[in-house]
> 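This is the structure I want to talk about, given as C-alpha cells.
Every chain is numbered from 1 and lettered A, B, ... according to where its sequence line falls, protein lines coming before strand lines.
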Amino acid sequence: MPELPEVEVVRAGLAPAVTGALVTGVEVLDQRSLKRHDPASGDFERGLVGARLAAAVRRGKFLWLPILPAKSAQSAQPAAPSATSTPRALVAHLGMSGQVLLRTPDHPGGDAHARIRIHLEHEAHDELRVDFVDQRIFGSMAIDRMTPTPDGRPAGFSADVTGEWAGFVPGQVAHIARDPLDPAFDERAFLAAFAKRHSAVKRVLLDQTLVSGIGNIYADESLWAVRLHGEQPASSVSSRRARELLAAVRGVLQKALAEGGTSFDAQYVNVNGASGYFAHSLNAYGREGKACPRCGTLMVREPFMNRSSHRCPRCQRLR
DNA sequence: ATACACGCCTGCTGGC
DNA sequence: TGCCAGCAGGCGTGTA
C-alpha cells in the first residue's frame, strides 16, 4: 500500500545512502522484479555495476536514482555508445508490497521475498546493501532512459535540484502527472481536467495521469475530509469544492508524511524496517463498522473498482 | 480522446 | 482438518 507519503519516507531514507555512491555489485534473485526493465536499455546488472548514483528522486509513487555518466569507468567494460549520451536512472516502484531496505553487506539474507540486492561503496560511510524486498511482485526495478521534462522544471522531489539530472524524467514516469506536493504541480490544469471528467470523483483521484501519489487509503481519507461520496461524478463537483478536495489531499498527505506513513503490518516499512504511525490517524480507511469520528454514524465499506471504499453514510452522501 | 474491465502476484482469512 | 474463494490493490494493456 505504499502511496506518496510512504514512498517519500523511503526516498528520504535512501538519499543520504545512495547519493554519490558507487555500485559495486548487483544480485537479481528474481527476474520477475525486472518486468519493467526494457532490455533495450542494456543488461540490468551491467548497467549498474561501476555506475555512480547521483540522488534519490520521487514523483508520486515512482522513485528513481539518476545514474551519473561514467566518464572513466574503472571496470574493463566500455560503456555502450548510447549509454554515454542518454541519461539513465534506476527506477523503482514499490507496487503493493515492495520495500527498500538498507543493510550492512554481511546482513544475513533470510527474507523469503528479497528480489534484488545492490551493493554500494561510499566515501562518506561504510559499505551498504540496498535490498529490494517484494512479496507480491507488483513492484519492480528497472534501468530507464530519461528525457527532459516538457516544462523544464525538476522532474520530481529531491533535496538537491541543481544536478543536471534534475530536469530529466525516466521514460516510464513521463506519463505520470506531478504530485500535489510538487511545487511545479499545475493546479489549474488539474482542476480544469477534473471538471471535465464524468467519472466518479474517487476514480479521478486515483488516476495517476491527472494527479499522482494518491492510492486507495488517501483517496478515502481525503473524500471523508471534505464530505464527498466517492461515486460523485467529478464534473458535478463545484470548482470551490474541487479546490477544497485538493487542499484536503495535500493536508492528508502531509500529515501522513509527518507521521512516517501508514503501516498496517510489516508490509510497509522505511529503509530501516520501521513502521509509520499514520494508521492511528485514519478517519475512514479500514474503519467499517466503527463510528464516524465526525458524527458517530457507523462507517461502511463498499466495493469500488475491484477494491473497497470506506465512507460515512451520513456525512458523505451522493448528491 | 475518455472510460473501464482485466491480469498480474502471494499470503492470509473465513466459510463450508 | 482441509480446501478454495475472496481479499488486499497499483499499474499497464486492451477494448469500445
> With a 4.5 Å cut-off on side-chain heavy atoms, are A:I214 and A:V252 touching?
no

> For A:F168, what residues pass the ring pair (Phe, Tyr, Trp, His ring centres under 6.0 Å) criterion, not counting sequence neighbours?
none

> Once the angle between the rings of A:Y218 and A:F278 is folded into 0 to 90°, is it parallel (under 30°), tilted (30 to 60°) or perpendicular (over 60°)?
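Plane angle between 30° and 60°, so tilted.
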
> Whole angstroms only, please: what is the CZ-C1' distance between A:F304 and C:dG10?
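These atoms are roughly 14 Å apart.
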
> Return the value, rounded to whole Å, for the distance between atom CG of A:L206 and atom P of C:dA8.
14 Å

> In whole Å, what is the span from the CG atom of A:N216 to the P atom of C:dC11?
12 Å

> Can you sort out the partners of A:R319 under salt bridge (charged side-chain N to carboxylate O under 4.0 Å, His left out), two or more places apart, ordered by chain and number?
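If we apply the salt bridge (charged side-chain N to carboxylate O under 4.0 Å, His left out) test to A:R319, skipping adjacent residues, there are no hits.
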
> May I have the distance from A:E302 (atom CD) to C:dC7 (atom P), rounded to whole angstrom?
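Answer to the nearest Å: 14 Å.
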
> Polar atoms only, N or O, under 3.5 Å: list the protein pairs with nucleotides 7-10 of chain B and their distances.
from: B:dC9; atom 1: O3'; to: A:R32; atom 2: NH1; distance (Å): 3.4
from: B:dT10; atom 1: OP1; to: A:R32; atom 2: NH1; distance (Å): 2.6
from: B:dT10; atom 1: OP1; to: A:R32; atom 2: NH2; distance (Å): 3.2

> Under the rule for side chain to side chain donor-acceptor pair (under 3.5 Å), what residues qualify as partners of A:H229, not counting sequence neighbours?
A:R311

> Which angle, to the nearest 10 degrees, lies between the helix axes at the two ends of the helix from B:dT2-C:dA16 to B:dC16-C:dG2, each defined by five pairs?
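The end-segment axes of the helix from B:dT2-C:dA16 to B:dC16-C:dG2 are tilted 50° relative to each other.
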
> For residues 59-69 of chain A, pull every pair meeting side chain to side chain donor-acceptor pair (under 3.5 Å), keeping only residues two or more places apart or in separate chains.
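Checked against side chain to side chain donor-acceptor pair (under 3.5 Å) - neighbours excluded - no pair reaches residues 59-69 of chain A.
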
> Within this structure, what is the CG-to-P distance between A:L63 and C:dC11, rounded to whole angstrom?
13 Å

> Output a table of nitrogen or oxygen pairs between the protein and nucleotides 3-5 of chain B separated by less than 3.5 Å.
from: B:dA3; atom 1: OP1; to: A:H198; atom 2: N; distance (Å): 3.1
from: B:dA3; atom 1: OP2; to: A:R197; atom 2: NE; distance (Å): 3.3
from: B:dA3; atom 1: OP2; to: A:R197; atom 2: NH1; distance (Å): 3.2
from: B:dC4; atom 1: OP2; to: A:S199; atom 2: OG; distance (Å): 3.4

> Apart from A:L206 itself, what residues make up its hydrophobic cluster, given side-chain heavy atom links below 4.5 Å?
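Members besides A:L206, by chain and number: A:F304, A:M305.
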
> Kindly say if A:H93 contacts the phosphate of C:dG10, meaning a side-chain N or O under 4.0 Å from OP1 or OP2.
no

> Polar-atom pairs under 3.5 Å, protein N or O versus N or O of nucleotides 12-16 of chain C: list them with distances, or write none.
from: C:dG12; atom 1: OP1; to: A:R36; atom 2: NH1; distance (Å): 3.1
from: C:dG12; atom 1: OP1; to: A:R36; atom 2: NH2; distance (Å): 2.6
from: C:dG12; atom 1: OP2; to: A:H175; atom 2: NE2; distance (Å): 3.2

> Which residues satisfy the salt bridge (charged side-chain N to carboxylate O under 4.0 Å, His left out) test with A:D179, sequence neighbours excluded?
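Testing A:D179 for salt bridge (charged side-chain N to carboxylate O under 4.0 Å, His left out), a comparison that skips the adjacent residues, returns A:R58.
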
> Counting only side-chain N and O atoms of A:S308, is one of them less than 4.0 Å from OP1 or OP2 of C:dA8?
yes

> With under 30° as parallel and over 60° as perpendicular, where do the rings of A:H125 and A:H122 fit, or are they tilted in between?
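The arrangement is parallel - the two ring planes meet at less than 30°.
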
> Residues in ring pair (Phe, Tyr, Trp, His ring centres under 6.0 Å) with A:H119, at least two apart?
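Expected list: none.
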
> Taking only N and O in the side chain of A:Q208, is any of them less than 4.0 Å away from OP1 or OP2 of C:dC11?
yes

> Measure up the A:H37 and A:F44 rings against each other and bin them: parallel (under 30°), tilted (30 to 60°), perpendicular (over 60°).
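Ring orientation, 0 to 90° scale: perpendicular.
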
> Considering residues at least two apart in sequence or located in another chain, which fulfil the side chain to side chain donor-acceptor pair (under 3.5 Å) criterion with A:R117?
none

> Would you say the side-chain atoms of A:S308 and A:E302 include a donor-acceptor pair closer than 3.5 Å?
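Looking only at side-chain atoms, A:E302 and A:S308 do not form any donor-acceptor pair under 3.5 Å.
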
> What integer distance in Å separates A:L94:CG from C:dG10:P?
12 Å

> Please report, rounded to the nearest Å, how far the P atom of B:dT2 is from the CZ atom of A:F194.
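So the two atoms are 15 Å apart, to the nearest Å.
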
